[in-house]
2 protein chains.
Amino acid sequence: MLKLKDLPDSKILTKFAERYPEANIDGVMHFLTLLRVGSDLSDVLDNFLGQYGLLQGRWWVLILLMREQDLTSTPSSLAEKAGVSRATMTGLIDGLDKEGLVIRVTNVEDRRKFHIKLTALGQSKLDEVMPEYYRRVDRLMSILSPEEGDVLTSMLIKLQNNRDVFK
Amino acid sequence: MLKLKDLPDSKILTKFAERYPEANIDGVMHFLTLLRVGSDLSDVLDNFLGQYGLLQGRWWVLILLMREQDLTSTPSSLAEKAGVSRATMTGLIDGLDKEGLVIRVTNVEDRRKFHIKLTALGQSKLDEVMPEYYRRVDRLMSILSPEEGDVLTSMLIKLQNNRDVFK
DNA sequence: AGATTATAGTTAGCCGACTAACTACTTGTC
DNA sequence: GACAAGTAGTTAGTCGGCTAACTATAATCT
């Protein structure tokens, strides 16, 4: 996502605003800051997960399975919930299967489907990662007061709901 | 970046919190919301740029060149400012060169380098995209008051500066 | 001045997304 | 109950990132 390291300073934005008077300098700065911080935090998360041999894609699959009562789901359902294509989910499951973190079980009721099940090894991988993940998130977010956190989220949701204006 | 569509609700988080008492439910929700909104806005931006035959990578290169006094820079400098590897920058410049939006000019002072220069066609591509881009950003961000925008950015910067706790 | 070290750019090969097309199976309709 | 349409999963091929290794050139240090 946003890779740009060199965010414009107000001098540059002013130069651009001369050519493009539509520019709302403050708005652009707020927008770019949001993209940039989101991207950087995502990178930091990937980096953290990498220490456990995971990446966001695989990690979410494990978590989605753990959410299920019987620790089981189907590739299609996982793909939809994880926000990736079914083809991508095939690859993610391949990798997790190879490492023994999940298993594919044939579904006798609908032979098009598989049951994807979290294994004991998969659960123990989560048990290894999640406590540390939660501690890190807590440390990260504790720079904001609980009230600030609520305000942040409410503003983000407003932007989220307004994003269609960009389409 | 964050693809996960199915953010946990408080019921799921509570279940996880039983197994992982470290979990600060509110903090996790705020964190995931930030990643999610950042990711979605980035996708929306890519989608917008795609209508003009651009993607974020190429678009930033054009903008970085336009920031320069003589509309000229080097691949290394562009790579660093854009936050991509030099190898990736080679590919971006290849594409832009092929479309005539930038040109490579040999550098007689240091024959290892090239001058990468924005062409008139490249400038006119920006002139086509930027006004609409600024209008969209303005419309998006105008859901927040100027004061809210400032508060948002200041909280984001706090998180940004605190992200090393994750490492 | 010559050898070493550092820098600029490219190439090759990998990785994880994607879409499109394919097989296998199920559902629905006449 | 056969056949059309829909769904589940995989495969093949593309794309834009990446790192590592390579070539060419410049700078530095005896």
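Lettering follows sequence order; numbering is per chain, from 1. Quick caveat: nothing in here was measured; it's all calculated off a predicted structure.
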- Item | Minimum-distance nucleotide to B/S76 side chain [options: C/dT26, D/dG17, C/dA8] | C/dA8
- Task: Measure the distance from CG on B/L92 to P on C/dT11 and round it to the nearest whole Å.
- Result: 14 Å
- Query: Taking B/N162 for the side chain and A/R139 for the main chain, is one N or O donor matched with an acceptor at less than 3.5 Å?
  - Reply: yes
- Residue whose closest nucleotide on DNA chain C lies nearer the 5' end, A/E109 versus B/H115: B/H115
- Message: Rounded to whole Å, please give me the gap between CG in B/D94 and P in C/dA12.
- Response: 12 Å
- Query: Over how many whole Å does the gap from B/L78 atom CG to C/dT10 atom P extend?
  - Reply: 11 Å
- Which nucleotide in the list C/dG9, C/dT19, D/dG16 gets nearest to the side chain of A/A87? C/dT19
- Rounded to whole Å, the CD-P distance (A/E80 to C/dC18) equals 13 Å
- Note on the structure: B/D110 has its side chain closest, among D/dA8, D/dT25, C/dA17, to D/dT25
- Item | Whole angstrom value for the distance that separates P of C/dC18 from CG of B/D46 | 13 Å
- Message: What is the separation between atom CE on B/M89 and atom C1' on C/dG9, rounded to the nearest whole Å?
- Response: 12 Å
- Distance in angstrom units between B/N107 CG and C/dG9 P, rounded: 9 Å
- Of D/dT25, C/dT10, C/dT19, the nucleotide closest to the side chain of B/R104 is C/dT10
- Task: Tell me what B/G57 touches on the nucleic acid: a base, only sugar-phosphate, or nothing, going by heavy atoms under 4.0 Å.
- Result: sugar-phosphate
- Query: Does the ring centre of A/Y133 sit less than 6.0 Å away from the ring centre of A/W59?
  - Reply: yes
- Give a yes/no on whether any side-chain N or O of B/T88 is located under 4.0 angstrom from OP1 or OP2 of D/dG17. no
- Is a donor-acceptor contact shorter than 3.5 angstrom present between the side chain of A/R112 and the base of D/dT7? yes
- Taking atom types as they are modelled, is there a donor-acceptor pair under 3.5 Å from the base of C/dG9 to the side chain of B/R86? yes
- Candidate nucleotides D/dA8, C/dG9, D/dT10, ranked by approach to the side chain of A/K113 - the nearest: D/dA8
- Message: Hydrophobic cluster membership, with links at side-chain heavy-atom distances under 4.5 Å among I/L/V/M/F/W/Y: are B/L121 and B/L64 in one?
- Response: yes
- Identify which nucleotide among D/dT25, D/dC18, C/dG9 has an atom closest to any side-chain atom of B/S85, counting heavy atoms from C-beta outward. D/dC18
- Would you mind reading off the distance between A/R111 atom CZ and C/dT23 atom P, rounded to a whole angstrom? 18 Å
- What orientation do B/F31 and B/F166 show, parallel under 30°, tilted 30 to 60°, or perpendicular over 60°? parallel
- Message: We want to know whether A/T74 and A/S77 form a side-chain donor-acceptor pair, criterion being a heavy-atom distance below 3.5 angstrom.
- Response: no
